[in-house]
Number of protein chains: 2
Amino acid sequence: MAAGRVELDRIDLAILRALVFDSGLTNKAVASRLGLAESTCAYRLRMLREAGVIIGGRVKLNFSALGFPIQAIVKVRLESHNAEHVNNLYAKLTLVPGVIQAFHVAGEDDFHLHVAVESPEALRDLVLKHITNNRVVRQTETQLIFEARDGVGILADQPPAAR
Amino acid sequence: MAAGRVELDRIDLAILRALVFDSGLTNKAVASRLGLAESTCAYRLRMLREAGVIIGGRVKLNFSALGFPIQAIVKVRLESHNAEHVNNLYAKLTLVPGVIQAFHVAGEDDFHLHVAVESPEALRDLVLKHITNNRVVRQTETQLIFEARDGVGILADQPPAAR
DNA sequence: CTTGAAATTGAAGCAGG
DNA sequence: CCTGCTTCAATTTCAAG
């Protein structure tokens with residue numbers, strides 16, 4: 001299920017490219033866009049899922065409309081890099097309400113959290129009550145997000161083993 | 001279409017909560033999970049889309065399986081903060097192959113790029129050929145991502161105006 | 001690996017509570 | 001605002017090329 005490396009042809013890539021932009025596309029729509037039979041397209045889609053190439057789909061929400069107009073990146077730096085401490089903290093951080101994504105990184109910082117909150121006060125509370133209150137956290141640094149955009153991703157041009 | 005603020009009841013929130021974890025759920029599946037009639041669930045879903053609360057869906061890919069096993073955060077700092085320069089650069093950055101997400105942030109850094117690449121060499125090339133080659137870029141700093149996880153997000157607990 | 005047609009299942013529309 | 005029924009569209013299955 002969690003595959004190591006998968007061989008993909010140009011059709012698979014075309015299917016992925018269509019779906020990365022809009023996971024709501026029906027199988028029929030993808031098939032007709034690519035000039036495939038519906039059953040063929042459905043078959044390849046199922047294979048891509050079973051091979052673990054397509055992990056899942058997440059609906060994209062409008063945070064502002066939901067009353068969470070403020071987004072930020074919170075950089076977290078640790079006191080101790082004991083493996084157990086780091087793992088425990090990581091698990092906790094992903095469960096903090098408002099945390100959209102959590103990156104465990106190498107280098108200057110240890111974690112980068114992408115968060116969305118209701119207000120500046122909520123941002124302060126999130127940092128103080130859920131992050132800096134952990135023993136292993138040495139320091140945090142918060143940067144407001146003016147705007148977040150999706151990039152073209154990895155399917156933009158020819159992949160390593162295109163054929 | 002692009003709504004300012006939307007009033008949601010607990011049913012709407014339950015629908016969103018289900019879909020954020022798995023956008024592939026059918027309307028029927030969501031309805032039965034919540035004990036709603038299918039048509040009711042479909043109606044509310046359509047409203048959530050029209051209100052702009054649900055923006056769209058993006059399929060989540062397994063970058064490693066696709067041959068892009070290395071992820072990183074590239075912090076970008078600028079020379080000039082002239083509005084036009086910043087906007088032009090932002091547009092360019094989102095089009096760099098491998099850039100999954102681009103954050104325009106306030107504070108120490110100007111942009112944070114989440115990238116996925118084939119190899120360490122590809123990471124170097126991405127930074128040198130697509131980022132630092134821009135006149136307005138003063139400095140970059142790259143942090144390898146050990147692991148990226150999704151957080152619980154904003155629907156974890158009671159929202160601001162739950163009722 | 002791909003296909004088209006049959007059978008199953010889900011979505012959309014609508015009148016009524 | 002919610003529901004059940006009807007109609008229509010999409011997905012799945014499968015035997016065959």
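Nothing here was measured: the structure is a model prediction, and the numbers come from that model.
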- Query: Within the pair B:R44 and D:dC1, is there a side-chain N or O less than 4.0 Å away from OP1 or OP2?
  - Reply: no
- Task: Return the value, rounded to whole Å, for the distance between atom CG of B:L8 and atom C1' of D:dC1.
- Result: 15 Å
- Item | Crowding at CD, A:E84 (>12 non-hydrogen neighbours, <6.0 Å) | no
- Task: Would you mind reading off the distance between A:D12 atom CG and C:dT2 atom P, rounded to a whole angstrom?
- Result: 8 Å
- May I ask you to check if A:R149 and B:F103 form a cation-pi contact, with NZ or CZ under 6.0 angstrom from the six-membered ring centre and within 45° of the axis? no
- Task: Drop me the distance from B:H104's NE2 to B:L93's CG, to the nearest 0.5 angstrom.
- Result: 10.0 Å
- Indicate whether the side chain of B:D125 and that of B:H130 have a donor and an acceptor atom separated by less than 3.5 Å. no
- Item | Nearest-angstrom distance from the residue atom CD1 of A:I11 to C1' of C:dT2 | 10 Å
- Sequence neighbours left out, what passes salt bridge (Lys or Arg N to Asp or Glu O under 4.0 Å) with B:D109? Give chain and number order. A:K75, B:R77
- Task: For nucleotides 3-17 of chain D, just jot down a letter per nucleotide in 5' to 3' order: B, S or -, based on protein non-hydrogen atoms under 4.0 Å.
- Result: BB-----SB-B----
- Task: Rounded off to whole Å, could you give me the CE-to-C1' distance for the B:M47 and D:dC1 pair?
- Result: 10 Å
- Task: Assess whether atom CZ of B:R138 is packed by more than 12 heavy atoms of other residues, nucleotides or ligands within 6.0 Å.
- Result: yes
